[in-house]
Amino acid sequence: MRRKLIAGNWKMNGLRAGGIALAGDLAGKCKAEAPNCDFLVCPPAHLLISVAEAIAGSGVALGGQDCHTAVSGAHTGDLSAEMLADAGCGFVILGHSERRADHGESSSLVRSKAAAAKRAGLTAIVCVGETADERKAGRALEVIESQVRESLPETAPEAAEASLVVAYEPVWAIGTGLTATPSDVAEVHGHIRKLLIELYGNDTGSAIRILYGGSVKPGNAAELMAVGDVDGALVGGASLKLEDFWAIGRSCP
Ligand code: PGA
């Protein structure tokens, strides 16, 4: 049984006071009311260490939003997976569509970053998803399949549930208020599950969590979290409001 993971991607939002308060309030709620799911927050890099302190002992996990492939070196502005681990992270989001689009990240680069995450002992959350044009052209599954085949680690993750997560985020649903229908989500997640089993074998492929992301909010979370092979959510905008993020977690069956 895969426990659901509700991951908050804060993106480039939050200054110290607000970010620490948001994380601390979530931690307080988790301590008071043991939730039915795992919560993860991925704040911008300048907040990692203070958020790590704010959530200590609460069960809320911490993640980065990207990492470099190298351990260290002359890479101005980048952070290594080892640095994220050193800051208290257990996870890192990789290949988000905003990184693929804004920074030209290819699937093969994402695969190298996933290897770096594994090297540092982090769980990679590898994002895939089609654009609106690709969906309109009937190419959604084909695009997602090639992203999965080219972005995920070549070798099977060791402790599957603990070391790899896939997030399906249709690009047209991110930050737009539009969401994929439960039947489209079921089709895509089922396809990703088949690919994971083909790539890593039945036990590992069945244990990896597949998140849905793209305008998840309290009003649509319950129907999305009830879809087969949806093992949680990657939440952007709604993760910045405690009540909304908590309500999404509470909607997990
Ligand atoms: P959104 O973002 O929830 O604001 O659509 C999701 C994401 O990009 O991870």
Side-chain angles (χ1 to χ4, degrees), residues 2 5 7 9 11 40 42 63-70 75 78-81 84 89-135 139-174 180 184-185 187-201 204-214 229-234 236:
R2 297 178 298 265
L5 173 64
N9 174 10
K11 309 191 180 182
L40 163 68
C42 301
Q65 298 178 7
D66 177 47
C67 71
H68 196 275
T69 56
H75 303 290
D78 281 312
L79 288 174
S80 69
L84 294 178
C89 292
F91 290 79
V92 60
I93 299 170
L94 296 176
H96 189 282
S97 66
E98 286 151 16
R99 302 243 14 127
R100 290 179 187 263
D102 300 352
H103 298 267
E105 292 195 2
S106 65
S107 288
S108 76
L109 177 63
V110 174
R111 167 174 280 172
S112 305
K113 291 183 174 199
K118 187 174 178 190
R119 182 187 67 216
L122 298 178
T123 297
I125 301 178
V126 176
C127 303
V128 298
E130 82 286 1
T131 64
D133 286 348
E134 289 162 345
R135 178 156 285 273
R139 296 185 50 232
L141 287 185
E142 175 200 325
V143 168
I144 292 159
E145 175 163 341
S146 65
Q147 288 176 338
V148 166
R149 289 189 186 281
E150 291 162 22
S151 308
L152 293 191
E154 250 153 322
T155 52
E158 278 138 33
E161 200 169 354
S163 61
L164 183 65
V165 174
V166 177
Y168 167 51
E169 298 204 304
V171 177
W172 49 270
I174 295 175
D184 286 341
V185 173
E187 181 185 39
V188 172
H189 280 233
H191 193 67
I192 294 174
R193 179 70 62 209
K194 262 200 315 218
L195 291 170
L196 291 174
I197 289 172
E198 180 200 313
L199 292 171
Y200 301 133
T204 302
S206 304
I208 294 172
R209 291 188 280 195
I210 308 173
L211 312 184
Y212 171 78
D229 281 311
V230 172
D231 306 312
L234 183 52

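Any value given below was found using the heavy atoms of this structure, including those in side chains, with hydrogens, waters and symmetry copies removed.
The shortest side-chain heavy-atom distance between Leu234 and Val165 does not fall under the 4.5 Å cut-off. Taking the side chain as every heavy atom from C-beta outward, Asp66 and Glu105 approach each other to under 4.5 Å.
Rounding to the nearest 0.5 angstrom, the gap separating the CG atom in Asn9 from the CD1 atom in Ile93 is 4.0 Å. We find the CG-NE2 distance between Leu109 and His103 to be 11.5 Å, quoted to the nearest 0.5 Å. Rounded to the nearest 0.5 Å, atoms CG (Leu152) and OH (Tyr200) are 4.5 Å apart. Separation of atoms NE2 (His191) and CG (Leu141) is listed at 5.0 Å; rounding is to 0.5 Å. Atom CZ of Arg2 is separated from atom CZ of Arg209 by 10.0 Å, given to the nearest 0.5 angstrom. The distance from the OH atom of Tyr212 to the CG atom of Asp184 is 9.0 Å, given to the nearest 0.5 Å.
Under the rule for a ring pair (Phe, Tyr, Trp, His ring centres under 6.0 Å), the partners of His189 that lie at least two apart in sequence or sit in another chain are Tyr168.
In summary, Asp231 and Arg193 engage in a salt bridge, as defined by a charged side-chain N under 4.0 Å from a carboxylate O.
The minimum heavy-atom distance linking Ile192 with Ile210 is given by the pair CG2-CD1, 3.7 Å. Contact detail for Ala167 and Ile125: the closest heavy-atom pair is CB-CG2, 4.0 Å. Considering all non-hydrogen atoms of both residues, Ala7 and Leu211 come closest at CB-CD1, 4.3 Å. The heavy-atom pair separating Val92 from Cys67 by the smallest distance is CG2-N, 4.1 Å. Taking both residues in full, the closest heavy atoms of Gly63 and Leu40 are given as N-CD1, 3.5 Å, listed atom of the first, atom of the second, then distance. Scanning both residues, Leu94 and Ala117, for their nearest heavy atoms gives CD1-CB, 4.4 Å.
Judged purely by atom type and a 3.5 angstrom limit, Gln147 uses its side chain to pair as donor or acceptor with the backbone of Gly129. In this structure a side-chain-to-backbone donor-acceptor pair under 3.5 Å is present from Gln65 to Cys42. Glu142 places no side-chain N or O within 3.5 Å of a backbone atom of Arg139 that could act as its donor or acceptor partner. Arg111 places a side-chain N or O within donor-acceptor distance of the main-chain N or O of Arg149, the cut-off being under 3.5 Å.
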For the pair Val148 and Leu199, evaluate side-chain contact (heavy atoms from CB on, under 4.5 Å) and give the outcome as yes or no after the intermediate values.
CA-CA 10 Å; Val148 166; Leu199 292 171; 4.2 Å; yes
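His96 and Glu169 share a donor-acceptor pair across their side chains, judged by distance under 3.5 Å alone. Defined by atom type and a distance below 3.5 Å, a donor-acceptor pair is present between the side-chain atoms of Arg100 and Ser151.
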